[in-house]
Amino acid sequence: MSRQNEAVGDLLANIAKLLALKGENPFRIRAYGEAARTISALAEDIAAVHHAGRLEDIPGVGEGIAGKVAEYLNTGRCSYYEQLKRQVAPAAADLLDVPSIGPVRAKLLYDRLGIASIEALQQAAAAHRLRDLPRFGAKLEDRIAQEAARVAARTRRLLLGVALPTAEEVAQALGRSPAVRAVQPAGSIRRGKDTIGDIDLLAAADAPRAAMDAFTALPIVKEVLAQGPTRASILTQDDLQVDLRVIPPDEYGAALQYFTGSKDHNIALRTLAMARGYKLSEYGLFDASGRRIAGRTEDEIYGALEMDWIPPELRENRGELAAAQQHRLPTLVAEADLRGDLHVHTDWSDGHDSPEQMVEAAIARGYAYLALTDHSRSLAVAHGLTVERVREQRHLIDRLNACYAPFRVLRGTEVDILPDGSLDYPDAVLAELDIVTASVHSAFQQPRERLTARLLRALRNPYVDVLNHPTGRLLPRRPEYDVDLEAVLRAAAAAGVALEVNGQPDRLDLDDVWARRAGQLGALLACDSDAHAARQLGYVRYAILTARRGWASPQGVLNTLPLDRLLAHLARRRVGARVA
DNA sequence: GCCGTTTTCGGCCCGACTGTTTTCAGTCG
């Protein structure tokens with residue numbers, strides 16, 4: 001069976017939706033929603049947790065939810081959910097996806113007008129049948145019509161690699177306005193999440209109106225969607241929506257903390273504040289008498305709650321609050337810690353730029369080394385290198401090393417892991433290289449046992465130094481292939497093979513949850529760009545953000561090693577390979 | 001439904017905005 005965390009999460013989230021439609025106790029609804037998110041984000045396989053009898057050890061999972069999860073894992077169905085589906089029209093749950101429609105309105109739309117789909121909603125709105133419902137009106141009807149159209153034409157979640165540069169571009173432009181004292185992205189962008197819903201910016205200004213006007217007048221703005229005294233939304237020339245909030249400077253830290261989230265982190269933090277008799281809001285931290293005791297900076301707020309400042313990437317309520325209280329937060333790896341990149345392509349295979357251009361770009365980034373890892377022979381679509389071409393590339397790399405010393409160009413390969421788990425070059429060829437990174441590029445659909453055995457076999461090859469993009473996912477929608485990744489991570493840890501966190505915006509593979517699991521199991525990560533052009537070396541930034549979300553420290557990342565220690569590490573592995 | 005250095009019962013984050021009302025429900029982040 002494949003990993004079912006996602007399926008269990010979906011089940012619980014669907015239950016939450018149906019309970020909302022029923023008008024159930026909001027706290028019960030929230031309990032299901034929280035459990036859904038926790039289980040979806042759990043690195044450990046939920047089925048394994050169940051078999052170990054530890055479901056109720058999961059935070060937010062008690063007797064009731066554990067029972068439903070157990071039934072689902074045992075039988076593939078959940079009688080409580082089936083029963084709910086008979087009580088409430090499950091199709092009406094789709095209405096909850098439309099902004100401005102919550103449980104009350106969804107239920108009303110279904111009960112009074114029989115609306116149970118976005119399409120039906122659009123038709124009813126067009127026929128002006130919504131405005132006469134209780135507490136509805138013409139304005140609300142218009143808005144629902146607009147939102148429904150937007151949902152129907154659903155623009156997917158943005159990739160971090162698209163959202164972050166846009167957010168920074170707008171923030172920089174806005175920062176040049178004299179009315180703005182500080183401005184930065186908040187929300188899931190600041191947390192470095194792999195995909196982003198909305199681009200949220202926060203600005204500190206004494207005169208909000210002037211800051212607002214500066215925002216809506218930026219050249220990048222194509223359309224102003226909404227503008228109020230402290231909030232505005234615009235559409236960029238590229239049709240990305242950006243929301244700005246303007247905050248008085250002495251509340252900036254509290255607002256930044258609040259609007260960075262995550263929601264679960266904030267709820268947990270506020271609960272902690274409450275236990276101390278404080279109240280935390282986006283305006284600050286207040287004591288029992290209502291006096292504000294912190295708010296200008298985030299540091300102030302976390303400090304007043306007697307904990308360390310928490311890097312935004314960790315704010316997912318996955319143990320960071322307890323760690324911050326005990327002063328045991330990890331020192332997270334940073335882009336500046338990287339000494340080189342171990343996965344890039346050149347125009348010898350499917351890259352855009354020459355080896356020289358890649359090397360010069362790497363030097364410009366301050367790297368000490370770069371591994372050229374062009375594709376192997378079987379990947380014909382990417383002009384994979386024949387054995388002869390691999391050997392030919394050596395002469396070029398020798399020349400580059402002579403020319404750019406002390407910078408070091410490493411002879412590498414991204415060798416295909418063939419369907420049977422053997423590698424695309426014979427060991428004798430791999431032995432000539434400085435570094436071997438290995439990838440699955442074919443036969444993703446193999447059954448779980450086959451694919452797992454295939455990866456385990458590749459990891460047993462003593463020449464393999466790095467396993468690239470271990471799950472094969474492509475955002476937004478090619479899911480991880482079906483593999484026992486826990487077993488793969490354990491094998492990699494045992495074999496000393498590093499696991500890549502690939503920085504291509506549509507990969508980010510391993511993801512944050514698995515990267516953390518890899519670290520827990522004692523495996524090294526490799527944060528690489530997988531650049532196919534010189535300017536893509538910067539994609540390593542997204543690998544770093546993902547690794548940070550996975551609690552990775554510099555010691556946990558192979559390519560933070562200085563050149564001599566990296567070479568020593570690789571040499572040790574080569575000695576082991578020859579002995580084997 | 002979950003949970004406990006105030007609680008095994010009685011709480012559960014907090015405030016703004018919008019549009020509908022004539023004092024506030026519903027939704028959002």
Side-chain angles (χ1 to χ4, degrees), chain A residues 12 15-16 19-38 55-69 80 84 95-109 130-144 146-147 186-188 190-191 196-202 226-233 243-247 251 254-286 288 290 301 305-306 317 321-322 325:
Chain A
L12 296 177
I15 291 178
L19 290 174
L21 282 177
K22 262 185 84 180
E24 263 281 1
N25 172 0
F27 297 108
R28 172 183 277 181
I29 298 166
R30 202 180 82 184
Y32 276 97
E34 280 176 357
R37 283 192 296 278
T38 305
L55 280 178
E56 290 189 46
D57 291 350
I58 299 171
V61 176
E63 200 182 332
I65 291 180
K68 282 153 193 127
V69 171
Y80 180 65
L84 273 176
L95 300 181
L96 295 174
D97 293 338
V98 179
S100 79
I101 294 184
V104 176
R105 288 174 188 157
K107 186 167 172 11
L108 200 63
L109 288 166
L130 307 188
R131 54 180 61 188
D132 296 326
L133 291 169
R135 301 199 71 85
F136 277 61
K139 270 184 151 171
L140 189 55
E141 185 180 78
D142 283 352
R143 196 162 91 203
I144 287 174
Q146 272 181 21
E147 300 282 16
S188 48
R190 183 158 180 252
R191 302 201 310 278
I196 306 296
D198 300 305
I199 300 179
D200 289 319
L201 292 185
L202 219 58
Q227 183 176 9
T230 64
R231 267 161 74 159
S233 297
D243 300 335
L244 175 75
R245 283 160 217 275
V246 182
I247 313 290
E251 293 169 2
L256 188 58
Q257 194 290 317
Y258 175 76
F259 286 111
T260 295
S262 68
K263 186 178 175 179
D264 289 343
H265 174 90
N266 284 353
I267 289 174
L269 188 65
R270 283 167 183 226
T271 306
L272 279 175
M274 206 167 54
R276 292 166 176 268
Y278 296 153
K279 192 184 64 157
L280 178 62
S281 76
E282 65 245 58
Y283 301 108
L285 182 66
F286 302 87
I301 292 172
L305 294 169
E306 291 179 55
N317 197 26
L321 288 165
Q325 285 178 308

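Chain letters run A, B, ... following the sequence lines, proteins first, then strands; residues in each count from 1. What you see is a predicted model, and the numbers here were worked out from it, not measured in a lab.
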Any sub-3.5 Å donor-acceptor pair from A/N25's side-chain atoms to A/F27's backbone N or O?
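Yes: the side chain of A/N25 pairs with the backbone of A/F27.
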Does A/T260 offer a backbone N or O that forms a donor-acceptor pair with the side chain of A/R191 under 3.5 Å?
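Checked: pair present.
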With heavy atoms under 4.0 Å as the rule, sort [X] into base, sugar-phosphate or nothing.
{"X": "A/E34", "value": "nothing"}
{"X": "A/A16", "value": "nothing"}
{"X": "A/R105", "value": "sugar-phosphate"}

Donor-acceptor pair present, A/N25 side chain and B/dG1 base, under 3.5 Å
yes
Find the distance [X]:[atom1] to [N]:[atom2] and express it as a whole number of Å.
{"X": "A/L272", "N": "B/dG4", "atom1": "CG", "atom2": "C1'", "answer": "13 Å"}
{"X": "A/I101", "N": "B/dA25", "atom1": "CD1", "atom2": "P", "answer": "20 Å"}
{"X": "A/L140", "N": "B/dT21", "atom1": "CG", "atom2": "P", "answer": "10 Å"}
{"X": "A/Y258", "N": "B/dC14", "atom1": "OH", "atom2": "P", "answer": "11 Å"}
{"X": "A/R131", "N": "B/dT20", "atom1": "CZ", "atom2": "P", "answer": "10 Å"}

Check whether any side-chain nitrogen or oxygen of [X] sits under 4.0 Å from OP1 or OP2 of [N], and answer yes or no.
{"X": "A/R30", "N": "B/dC13", "value": "yes"}
{"X": "A/Y32", "N": "B/dC2", "value": "no"}
{"X": "A/K68", "N": "B/dG1", "value": "yes"}
{"X": "A/R143", "N": "B/dG19", "value": "yes"}
{"X": "A/K279", "N": "B/dG15", "value": "yes"}
{"X": "A/R28", "N": "B/dG1", "value": "yes"}

Judged by nearest nucleotide, the residue sitting upstream toward the 5' end of DNA chain B, A/A106 or A/Y80, is A/Y80
5'-most contact on DNA chain B (nearest-nucleotide basis), A/N266 vs A/F136, goes to A/N266
I'd like the P distance from B/dG26 over to B/dC9, given in whole Å.
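The answer is 32 Å between these two P atoms.
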Can you tell me the base-pairing partner of B/dT8? Count Watson-Crick or G-U wobble geometry only, both distances below 3.5 Å, and say none if there is no partner.
none
